[in-house]
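What follows is one structure encoded as structure tokens, with my remarks underneath.
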There are 2 protein chains.
Amino acid sequence: MSLRAALLALISAGPSTGYDAAKRFGSSVGHLWHAPDSQIYPELRRMQADGLLDAEQVPWGKKQATKTQYTITDAGRRALAEWQRTPLDYAPERDQAHLLAAYFEWAPDDDEPRKRLTEHIAYFTEARESARRQIAGIDERNNPTLARRLETSAPEDHERIIAYKRFAYAGKIARAEAEIAWAQEGLRLLESLTNSSI
Amino acid sequence: MSLRAALLALISAGPSTGYDAAKRFGSSVGHLWHAPDSQIYPELRRMQADGLLDAEQVPWGKKQATKTQYTITDAGRRALAEWQRTPLDYAPERDQAHLLAAYFEWAPDDDEPRKRLTEHIAYFTEARESARRQIAGIDERNNPTLARRLETSAPEDHERIIAYKRFAYAGKIARAEAEIAWAQEGLRLLESLTNSSI
DNA sequence: CTCAATTAACTATGTCGATAGGTATTTGAG
DNA sequence: CTCAAATACCTATCGACATAGTTAATTGAG
């Protein structure tokens, strides 16, 4: 369901071919909901079958090749509103890093947990930077998908459209910072356990 | 891989039948890595086939019915250590709540985003309470799986075994608090956008 | 002009996980 | 003693997702 919503949100900004959608996905909505190409193509076809998208064959290249261009329909826009009206069903907890940490005593030595926590910090530091870049891209108006979206919407809505996207990425930053702080606490814990056993 | 690790961690505390494992799972390691029964039974069989567990048929009831009791092998313990030595591969970002928030402008009215954020706060408030209860259970030594684990391990290791589990749940609490703070910020944002458009 | 790299558009295959069953056995209430 | 509820132990099915391809057209370097 979320992939469908993410694609609707993407295509609501303007028509896309499958390839466009797959590529644009990665640099916009894909930061919040990842999907590989192999999921995007069939989902677009299903969405067209369900009436959420219109599909048009447009020529591609000099030979008789064509590509499929998708446009959001009114039903697609209604589906987006419906999505906003539906409570989320939260996925059950599945957190590798916390699971691993709960069983650090199985590590052959203290160095391994230290490495895992350091990797955790590196991963979420990069995630935080990525989110910050997204926010910078929003503020400087150089995100192409957002630019298309703003062109096709009323000027009085621009403020909130931007505010919501900033807010979503601010959440990613907050999450990343919580993970970094946790892992740093873990490094201190390892330190104190090492010292207490000398 | 994580399900396997979670089951090894569980069974390292003492032998379990499939049913035992499935039930105990939910009240211990399942708080960090959820899995339904339908995944646990076949995974136990695969782990036995791979030599990580020994399986013994023990009688069950008065008729000739039996149940399968699994015990961790040395290979299983080595697999746990190996798991601790392997860097995590982080799952690609997939966050329904943040995706939804990024497109709040599609909501039919301001009330729907407010509901979603309120639900988000409720969900993570419960998650935080659950993690706090786990920590309390650890501190008061009334978590049965932990109790078994401590019985079968050297007293000098008890401190760190407990510390790691507290640490893992502390991470869940930190995560939950970050989500709650984020959603509250969102409620304030909605408020300010409503006021600015009157 | 030709060939390698890039762009465009997908498909195949397998595993993970969610949902929803099903079938024995035991326990305890009346 | 018998019948319903609870306990114990699984299985089937399907969609989501990951990994790893394939095919065809276009562009640009030499």
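Predicted model only: the values in this text are computed from it and were never measured. The sequence lines fix the lettering, A, B, ..., with proteins before strands; numbering per chain opens at 1.
The CG atom of L190(A) sits 11.0 Å away from atom CD of E185(A), with the distance rounded to the nearest 0.5 Å.
Geometric assessment of K165(A) against the ring of F104(B) yields a negative cation-pi assignment under the 6.0 Å and 45° thresholds.
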Heavy-atom contacts, protein to nucleotides 10-20 of chain D, under 4.0 Å, summarised as B (base), S (sugar-phosphate only) or - (none) per nt, yield BBB---SSSBB
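Ring pair W182(B)/H98(B) is parallel by interplanar angle, where below 30° counts as parallel and above 60° as perpendicular. Ring orientation note: the planes of H120(B) and Y90(A) are tilted relative to one another, at an angle of 30° to 60°.
Remark: C1' of dG17(C) and OH of Y90(A) are 20 Å apart, rounded to the nearest angstrom. If you take CZ of R24(A) and P of dA9(C), they are 11 Å apart, rounded to a whole angstrom. dA8(C) atom P lies 16 Å from atom CG of L44(A), rounded to whole Å. Atom CD of Q57(B) and atom P of dA8(D) are 17 Å apart (whole Å). Atom CG of D20(A) and atom P of dA8(C) are 8 Å apart (whole Å). Rounded to an integer number of Å, the gap from CD of Q69(B) to C1' of dA8(D) is 14 Å.
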With salt bridge (charged side-chain N to carboxylate O under 4.0 Å, His left out) as the test, would you mind laying out the steps for R128(B) and E179(B) before giving the verdict? CA-CA 10 Å; R128(B) 183 181 57 188; E179(B) 294 291 344; over 6 Å; no
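No side-chain heavy atom of D54(B) sits less than 4.5 Å from a side-chain heavy atom of Y70(B).
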